[in-house]
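Here is the naming used below: chain letters follow the sequence lines, and residue numbers restart at 1 for every chain. Being a predicted model, the structure only gives us computed values, none of them experimental.
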Protein chains: 2
Amino acid sequence: MTGRQDESLNKRIRTDISERILSGAWPPGHRIPFEHELMAAYGCSRMTVNKALAPLAEQGLIVRRRKAGTFVARPRIHSVVLDIPDIAAEVTARGEPYGYELLSRRVGRAGSSEMAELGLDAPVKVLALRCLHRASGRPFALEERLINLDAAPEAADVDFGETPPGGWLLGHVPWTQAEHRISAANPSRAIAGALGIETTTACLVLERQTWRGADRITHVRLFFPGEAYDLVARFAPRQEAAG
Amino acid sequence: MTGRQDESLNKRIRTDISERILSGAWPPGHRIPFEHELMAAYGCSRMTVNKALAPLAEQGLIVRRRKAGTFVARPRIHSVVLDIPDIAAEVTARGEPYGYELLSRRVGRAGSSEMAELGLDAPVKVLALRCLHRASGRPFALEERLINLDAAPEAADVDFGETPPGGWLLGHVPWTQAEHRISAANPSRAIAGALGIETTTACLVLERQTWRGADRITHVRLFFPGEAYDLVARFAPRQEAAG
DNA sequence: GAGTGGTCTAGACCACGTA
DNA sequence: ACGTGGTCTAGACCACTCA
């Protein structure tokens, strides 16, 4: 079924099986060969078969029941994996020249709306940036970013005139957790002006809040004008936890 | 560090390590104990340690290099897991009464734009539905759905006047693959009318294409008005495939 | 060369669910 | 009672890579 040689055996068993499931050859509910049958088929030990099947069960692609056997899971739409690329990488991947421009920069105590965005109780020192990302010269995304300088003081010394803050932060400030929020909104007058669109043009809004432990590091809100941008999600087989 | 007893040992090792990484105790770049050190620490065989570490490496949470050792990966934002709930469940989860209404229903050969949406070459018989989902009586989402009747002929006999097609399809037509596309758009005049909004109001648009094997089953496009709806994604540690 | 991870074996015992 | 998966052991050989 496959001609791969450079792959480990347990991975080959795994891909063989998941290919059969994803292609529909083995429909939901179909019984997968027993471990001892796979041992014989691939001429390997039971441990190797198990190392192939365990991750599939954890993914939720298959369901294993003692005595009964192993079955193709019944997929449900619950969650998908969404790729959220780095803007510069995304633009260059499209074959367009990437451009970056810092529109404004301000250091100060967080105002009440900024405190709300960073989820803070007490006003802390923040760096507030507004930047424009371009593709082939045309505005591609507007970025509004807050950086908590109590959590990431090094950021105060960086000139973000040429370096997009997202890339710098990823490289310099470790983070442990993030949350994304995706919505649609009409841009404010200022944002519309920067993007060269009307306030009636729908924008995709991507918000991201990033933590290191309990500290909020940064909050970013990206406006993508109109239908110029899509987020594409591939199918994720994860469902309920498998027994 | 943990008191779990009912968990398998390899899983306990795994969660111990990922907890230390996610909590920040082991920062990116930190060297994780060698396999033989973990064997000694947990009093187990190397295979068990390996079974704990291999999935972490596959996730991209750690990076393993021969001779050098195992290290905490430098996280990059690349992909997140997005929950895309069933609309009826989502509305009721918010504590609002859910309402459903079928606006139009048509059976026929696919037109050229419908063929493009379903990704078809030849015109097939399709069922085209337009439905409105309500929360507390107010329009919550407009659904435009195409069902390929060649692939799912049972759908032709269903009265979708009371049953939302999404739920029916999930329960009756197995699928193997799906793709989502998320964008923002201004609604057409017809859609704006059905949702009771202006054509200038930004909408979040969620498109989903579903396959069974090579057959396209259904295409759905959901319009959520304005900022009434968010998609929230939790952090997913998956990054590049680890060598 | 020496130490690391990558992979595999041929057993073993146990838990569980069906019969 | 029996057959399945769940887990683990104590080795083994290899490939890679750093010193």
Toward the 5' end of DNA chain C, by each residue's nearest nucleotide, A/Leu9 or B/Gly69: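 Nearest-nucleotide comparison on DNA chain C picks B/Gly69.
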
Can you tell me how far [atom2] of [N] sits from [atom1] of [X], to the nearest Å?
{"X": "A/Ile32", "N": "D/dT4", "atom1": "CD1", "atom2": "P", "result": "15 Å"}
{"X": "A/Glu35", "N": "C/dT9", "atom1": "CD", "atom2": "P", "result": "13 Å"}
{"X": "A/His36", "N": "C/dA12", "atom1": "NE2", "atom2": "C1'", "result": "18 Å"}
{"X": "A/Arg31", "N": "D/dG3", "atom1": "CZ", "atom2": "P", "result": "14 Å"}
{"X": "B/Asn50", "N": "D/dT7", "atom1": "CG", "atom2": "C1'", "result": "15 Å"}
{"X": "A/Leu38", "N": "D/dG5", "atom1": "CG", "atom2": "C1'", "result": "13 Å"}
{"X": "B/Lys51", "N": "C/dG5", "atom1": "NZ", "atom2": "P", "result": "19 Å"}
{"X": "A/Ile62", "N": "D/dT4", "atom1": "CD1", "atom2": "P", "result": "16 Å"}

For [X], check side chain to side chain contact (heavy atoms under 4.5 Å, CB included) against everything at least two apart and list the hits.
{"X": "A/Ala93", "answer": "none"}
{"X": "B/Arg65", "answer": "B/Ala68, B/Phe71"}
{"X": "B/Ala152", "answer": "B/Ile147, B/Glu154, B/Val173"}

Is a donor on one side and an acceptor on the other found under 3.5 Å between the side chain of A/Asp215 and the backbone of A/Ile217?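 No.
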
Using every non-hydrogen atom in the two residues, find where B/Ala156 and B/Leu149 come nearest and quote the distance to one decimal.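 So the minimum-distance heavy-atom pair works out to N-CD2, 3.7 Å.
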
If you compare all heavy atoms of B/Ala89 against all heavy atoms of B/Thr92, which two are closest, and at what distance to 0.1 Å?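 What the structure gives for the nearest pair is O-OG1, 3.1 Å.
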
Knowing that exactly one of B/Glu179, B/Glu207, B/Gln209 qualifies, which makes a side chain to side chain donor-acceptor pair (under 3.5 Å) with B/His219?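 So the option named by the test is B/Glu207.
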
Go through residues 39-49 of chain B and report each residue with a non-hydrogen atom lying under 4.0 Å from DNA chain D, sorted by number.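 Of all residues in residues 39-49 of chain B, the ones placing a heavy atom under 4.0 Å from DNA chain D are B/Gly43, B/Cys44, B/Ser45, B/Arg46, B/Met47, B/Thr48.
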
OP1 or OP2 of C/dT7 less than 4.0 angstrom from a side-chain nitrogen or oxygen of A/Ser8, does that happen here?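 So the side-chain polar atoms of A/Ser8 do come within 4.0 Å of the phosphate oxygens OP1 or OP2 of C/dT7, strictly under.
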
For D/dT4, take OP1 and OP2 only and decide whether either is under 4.0 Å from a side-chain N or O of A/Thr70.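 For D/dT4, OP1/OP2 do not have a side-chain N/O of A/Thr70 under 4.0 Å.
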
Which ring-ring contact (aromatic ring centres under 6.0 Å, His included) pairs, counting each pair once, include a residue from residues 147-167 of chain A, with sequence neighbours left out?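 Those involving residues 147-167 of chain A are A/Phe160-A/Trp168.
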
Between N or O atoms, less than 3.5 Å apart, protein on one side and nucleotides 16-19 of chain D on the other: list the pairs.
none

Does the cation-pi check pass for B/Arg31 over B/Phe34, that is, NZ or CZ under 6.0 Å from the six-membered ring centre and within 45° of its axis?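 Yes, B/Arg31 sits over the ring of B/Phe34.
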
